[in-house]
Every structure is written in structure tokens, then in C-alpha cells.
Colleague: 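Before we start, here is the structure in question, set down as C-alpha cells.
Counting starts at 1 for both ligands and their atoms, following the listed order.
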Amino acid sequence: MPRPRVLSGVQPTGALHLGNWLGAIRNWVDLQDSHDTYFCVVDLHAITVPHDPARLAEDTLTTAALYLACGIDPQRATVFVQSHVAAHSELAWLLNCVTPLNWLERMIQFKEKAIKQGDQVSVGLLDYPVLMAADILLYDADLVPVGEDQKQHLELARDIAQQRINARFAPRDAAGESIPVLKVPEPLILKEGARVMSLTDGTAKMSKSDPNEGSRISLLDPPELITKKIKRAKTDPTMGLEFGNPERPEADNLLGLYALLAGKTRDQAAQDCAAMGWGQFKPLLAEAAVEALRPVQQRYEQWRQDSGAVAAVLREGEAKAAAVANETLERVRQALGFLPRS
Ligand code: AMP
Ligand code: TRP
């Protein structure tokens with residue numbers, strides 16, 4: 001039996017933060033032993049909003065190095081850059097032509113990002129989920145580990161594969177049974193960490209695009225900065241930390257972060273901090289964050305010291321990824337009736 005496939009990716013837009021780590025990448029690490037894993041840096045997605053060409057390449061390398069620093073092992077996982085495998089763009093085009101426009105117009109993330117950009121919204125931003133579907137479907141992924149915010153995009157990828165490709169274009173075998181063209185993927189959204197909220201607003205998710213740097217902790221923030229950001233994080237006037245009180249989103253978020261970063265169960269963390277004031281809790285949280293990120297930052301420095309090391313991983317990843325992706329692309333081209341290429 002081949003091992004089930006996993007594919008996921010993060011955009012190279014600035015430094016990754018605790019939400020990316022705890023919501024997504026941390027789960028990737030655990031899957032490497034049991035699954036055949038593909039992790040890409042989705043640089044084509046990064047240009048769906050205005051981007052700085054002087055930074056794209058460097059941010060792409062940084063993101064890949066952070067995957068490795070977080071524990072992705074290039075001996076076991078295939079790590080690559082999305083735009084290095086041309087099949088992603090090509091399959092996206094094929095899928096574009098079978099995806100109804102109104103499916104894209106109802107995507108929550110599109111609506112949220114579009115509001116911020118007024119009349120400057122690109123076609124690419126609308127098309128973002130189709131490119132993401134192509135990323136996933138090219139690898140016949142069984143599982144896609146992502147944070148909660150990507151659930152709707154995963155549903156869309158499933159619908160495109162099932163209703164728009166398989167249901168319409170699957171060839172039939174000798175017995176008349178249809179042979180699916182694309183594998184229909186499942187999301188993997190772990191509850192803990194799936195939604196890490198902003199440090200300055202417990203009701204908004206921690207995000208790379210928040211203009212306030214103080215709202216997030218980047219994986220490469222030095223210890224003093226982490227401590228400062230946590231010190232300034234929003235609190236409330238109530239004593240004692242607790243989960244699940246709708247009036248206290250900040251308490252819920254920071255206590256959840258503490259549990260994850262200190263390696264405690266939620267119950268244990270809730271018990272330990274039930275009687276603590278904010279003044280006592282915050283230094284504890286800061287220390288847990290600094291300690292949890294220390295090994296990540298050390299490994300990051302090691303990877304970046306050897307300037308060719310990350311690029312070499314990406315080159316090898318590209319070759320492995322392209323072999324799988326090109327095969328799937330050819331299958332889809334055939335099902336859609338294209339003249340085979342030589
Ligand atoms: P992005 O930064 O949008 O490229 O997201 C990359 C991955 O991190 C996706 O799987 C997201 O679901 C996840 N992610 C992003 N922000 C958060 C957050 N605040 N909490 C949990 N997961 C997140
Ligand atoms: N849209 C995802 C995000 O912002 C990133 C992404 C692109 C992705 N392609 C993917 C995630 C394929 C999982 C699988 O988080």
C-alpha cells in the first residue's frame with residue numbers, strides 16, 4: 001500500500017507567525033513519518049495582492065528555510081516552490097474553464113481581501129482558490145493540513161474535483177465503471193491552534209497583513225521583541241485566565257497560546273492560570289514563547305548560514321514534485337480531450 005499523500009503550502013509574504021506555525025506547519029511535521037508529504041512555498045499566490053518584486057525571491061527562500069527550521073525534513077518530505085513547477089499554472093487554467101464564477105464570488109477570503117483593495121482587485125485574487133485547488137489536485141493529495149480559515153477553499157477544491165471534473169470527464173473502463181480523473185482531498189484541521197488570534201484584538205485572526213506588527217509574533221522575532229509584544233498585548237480588567245468566556249476573547253486566545261507553547265494540555269493550563277492576574281501570566285507566556293521558538297530560530301540560522309543549502313533542497317524538491325504533477329496534468333489533458341503532446 002502506498003502511503004497517503006499530503007500537500008500543503010504557505011505564502012511567502014513576510015515572516016511566518018505563530019498562527020502559521022501552530023495552525024499549519026506544526027501539523028505537517030507530525031505527518032512526515034506516516035504520509036508521503038509535499039510542502040510548497042506558494043509564490044504564485046503571493047502576487048494575487050500587490051507585491052514588492054525586490055522581496056519576492058528572498059521571502060520565498062526565508063519561507064522555505066522556516067519550513068526546514070520548524071522540523072520539515074527534506075529526506076522525508078518534498079519541499080519546493082510552486083512557480084518552479086509550471087503544471088500548477090497550467091492546471092489552474094484548465095480548472096478555471098470548468099469552475100463557475102459564482103463559486104469564487106462567494107469565497108469569504110476573497111470578499112474580505114477585496115474590500116481592502118477597492119477597485120484595484122485583480123482577477124488573480126478572485127482566482128486564488130482555483131490555483132489552490134490545482135496545487136492540491138496535482139498531487140492526488142488525500143489530506144490537506146491547514147488552519148480553519150482555509151476550510152472553504154478546501155471545499156471548493158473538492159467540488160471542482162468531484163462535480164466539475166470527475167462527474168463530467170471521467171473515462172470509463174471496459175466494464176463501464178468510471179475511472180476518477182482526480183482524487184477528492186480531505187481537509188485536516190486540528191482544533192488546537194487552528195485559529196490563533198491577534199495579540200491586539202482577540203476577535204481578529206493573527207495575520208501577516210495586519211499593519212500593526214504588535215498584533216503578531218513572527219517566528220524570527222528576537223526574545224526581547226517577543227517579550228515586548230506580549231507585554232503590550234490587549235488584556236481585560238478581570239483576574240484569572242479562562243477558556244470559553246465569550247466576553248473575554250483575549251483571555252481565551254492567550255491561554256490557548258500558552259498551553260500550546262508550554263506543551264501543556266488545555267485543562268492543565270487552565271488550572272495553572274485560573275487564579276493568576278495578567279501581570280503574573282504575561283511573563284510566563286513570554287517565556288514559553290521564547291523557549292518554544294528558540295530551537296526553530298537556531299535551526300533557521302543553521303540553514304541560512306550555508307547559502308546554497310536551501311536552494312539545493314528546493315531544486316531536488318522541484319524535480320520530485322514536477323514528476324508527480326506532470327503525470328496528473330497529462331491525465332486531465334487527456335480527459336478533457338486535448339491532442340497529446342509529444
Ligand atoms: P497564509 O499565511 O495565509 O499563507 O496561511 C498559511 C497557513 O497558515 C494556512 O494553513 C492557514 O490556515 C494558516 N494560518 C494563517 N493564519 C492563521 C492563524 N491566525 N491561526 C491559525 N492558522 C493560521
Ligand atoms: N491559501 C493558503 C493559505 O493562505 C495557502 C495555500 C495555497 C495552500 N495553496 C495551498 C494551502 C494548497 C494548502 C494546500 O493559507
Colleague: Pick out which of Asp142, Asp140, Asn166 makes a side-chain hydrogen bond (donor to acceptor under 3.5 Å, both in side chains) with Lys183.
Modeller: Asp142

Colleague: Give a yes or no on whether a salt bridge exists between Glu148 and Arg195, defined as a side-chain N under 4.0 angstrom from a carboxylate O.
Modeller: no

Colleague: Counting heavy atoms only, name the option from Ser198, Ser207, Gly19, Pro145 that's nearest to atom 18 (C) of ligand 1.
Modeller: Gly19

Colleague: I'd like to check whether Val196 has a polar contact with ligand 1, where a contact means an N/O of the residue lying under 3.5 Å from an N/O of the ligand.
Modeller: yes

Colleague: Relative to the heavy atoms of Val144, which atoms of ligand 2 are at a distance of less than 4.0 Å?
Modeller: 13 (C), 14 (C)

Colleague: If you count the atoms of ligand 1 from 1 in the order shown, which ones are under 4.0 Å from a heavy atom of Gly23?
Modeller: 21 (C), 22 (N)

Colleague: What's the spacing between Ile72 CD1 and Leu66 CG if we round to 0.5 Å?
Modeller: 11.5 Å

Colleague: Go through ligand 1 atom by atom and flag the ones less than 4.0 Å from a non-hydrogen atom of Met206.
Modeller: 16 (N), 18 (C), 19 (N)

Colleague: Cut-off 3.5 Å, side chains only: do Asp43 and Ser83 have a donor facing an acceptor?
Modeller: yes

Colleague: For ligand 2, which atoms, with element, lie under 4.0 Å from some heavy atom of Ile136?
Modeller: 12 (C), 14 (C)

Colleague: With respect to Gln150, determine whether any N or O atom, backbone or side chain, lies less than 3.5 Å from an N or O atom of ligand 2.
Modeller: yes

Colleague: Among His17, Gln11, Glu148, which one has a heavy atom closest to atom 4 (O) of ligand 1?
Modeller: Gln11

Colleague: In the protein, which heavy atom is nearest to atom 10 (O) of ligand 1, and how far is it?
Modeller: Gly147 N, 3.2 Å

Colleague: Check for me whether Arg333 meets the cation-pi criterion with Phe338, that is, NZ or CZ under 6.0 Å from the six-membered ring centre and within 45 degrees of the ring axis.
Modeller: yes

Colleague: Report, in ascending order of atom number, the atoms of ligand 2 lying under 4.0 Å from any heavy atom of Gln11.
Modeller: 4 (O)

Colleague: Among all protein heavy atoms, pick the one closest to atom 9 (N) of ligand 2 and tell me residue, atom and distance.
Modeller: Asp135 OD2, 2.7 Å

Colleague: With the threshold set at 4.0 Å, does a side-chain nitrogen-carboxylate oxygen contact exist between Glu58 and Arg55?
Modeller: no

Colleague: Return yes if a side-chain donor-acceptor contact under 3.5 Å exists between Lys320 and Tyr38, otherwise no.
Modeller: no

Colleague: Nearest protein heavy atom to atom 12 (O) of ligand 1, by residue and atom, and its distance?
Modeller: Asp149 OD1, 2.4 Å

Colleague: Counting non-hydrogen protein atoms only, what is the nearest one to atom 21 (C) of ligand 1? Give residue, atom name and distance.
Modeller: Ala194 O, 3.0 Å

Colleague: Run the numbers for me: atoms of ligand 2, each under 4.0 Å from some heavy atom of His45, listed by number.
Modeller: 7 (C), 9 (N)

Colleague: Using a 4.0 Å cut-off to any heavy atom of Ser8, which atoms of ligand 2 qualify?
Modeller: 11 (C), 13 (C), 14 (C)

Colleague: Enumerate the atoms of ligand 1 whose separation from the nearest heavy atom of Arg195 is less than 4.0 angstrom.
Modeller: 20 (N), 21 (C)

Colleague: With atoms numbered from 1 as shown, which atoms in ligand 1 lie under 4.0 angstrom from a non-hydrogen atom of Gln150?
Modeller: 12 (O)

Colleague: For the pair Lys234 and Asp201, find out whether any cationic side-chain nitrogen is under 4.0 Å from an anionic carboxylate oxygen.
Modeller: no

Colleague: Check the pair Asp210 / Arg216 against salt bridge (Lys or Arg N to Asp or Glu O under 4.0 Å), numbers first and verdict last.
Modeller: CA-CA 8 Å; Asp210 190 324; Arg216 62 184 163 267; 5.1 Å; no

Colleague: Salt bridge or not for Arg172 and Glu177, using N-O below 4.0 Å?
Modeller: no

Colleague: So, Glu330 and Arg341, do they make that salt bridge, N to O below 4.0 Å?
Modeller: yes

Colleague: Ignoring hydrogens and geometry beyond distance, is a side-chain donor-acceptor pair present between Asn96 and Asp127 at under 3.5 Å?
Modeller: yes

Colleague: In terms of atom number and element, which parts of ligand 2 are under 4.0 angstrom from non-hydrogen atoms of Leu7?
Modeller: 12 (C), 14 (C)

Colleague: Using 30° and 60° as the class limits, which term best fits the ring planes of Phe39 and Tyr67: parallel, tilted or perpendicular?
Modeller: perpendicular

Colleague: Note the single closest protein heavy atom to atom 8 (O) of ligand 1, along with its residue, its atom name and the distance in Å.
Modeller: Asn20 ND2, 3.0 Å

Colleague: Given Leu154, which partner from the list Ile189, Leu188, Asp159, Val144 fulfils the side chain to side chain contact (heavy atoms under 4.5 Å, CB included) test?
Modeller: Val144

Colleague: Does some non-hydrogen atom of Val10 fall short of 4.0 Å from ligand 2?
Modeller: no

Colleague: For Val146, counting its heavy atoms only, list the atoms of ligand 2 lying under 4.0 Å from any of them.
Modeller: 11 (C), 13 (C)

Colleague: Output yes when Asp149 and Lys205 qualify as a salt bridge under the 4.0 Å nitrogen-oxygen rule, no when they do not.
Modeller: yes

Colleague: So, is Gln109 polar-close to ligand 2, with some N/O to N/O distance under 3.5 Å?
Modeller: no

Colleague: Could you find the nearest protein heavy atom to atom 5 (C) of ligand 2 and give me its residue, atom name and distance?
Modeller: Gly9 O, 3.5 Å

Colleague: Tell me the protein heavy atom at minimum distance from atom 1 (N) of ligand 2, and give that distance in Å.
Modeller: Tyr128 OH, 2.7 Å

Colleague: How does Ser8 reach ligand 1, if at all, at less than 4.0 Å between non-hydrogen atoms: by side chain, backbone, both, or neither?
Modeller: neither

Colleague: Are any of the side-chain nitrogens in Glu186 or Arg5 under 4.0 Å away from the carboxylate oxygens of its partner?
Modeller: no

Colleague: Within the 4.0 Å heavy-atom shell around Lys208, which atoms of ligand 1 are there?
Modeller: 1 (P), 2 (O), 4 (O)

Colleague: Any N or O of Ala24 that comes nearer than 3.5 Å to an N or O of ligand 1?
Modeller: no

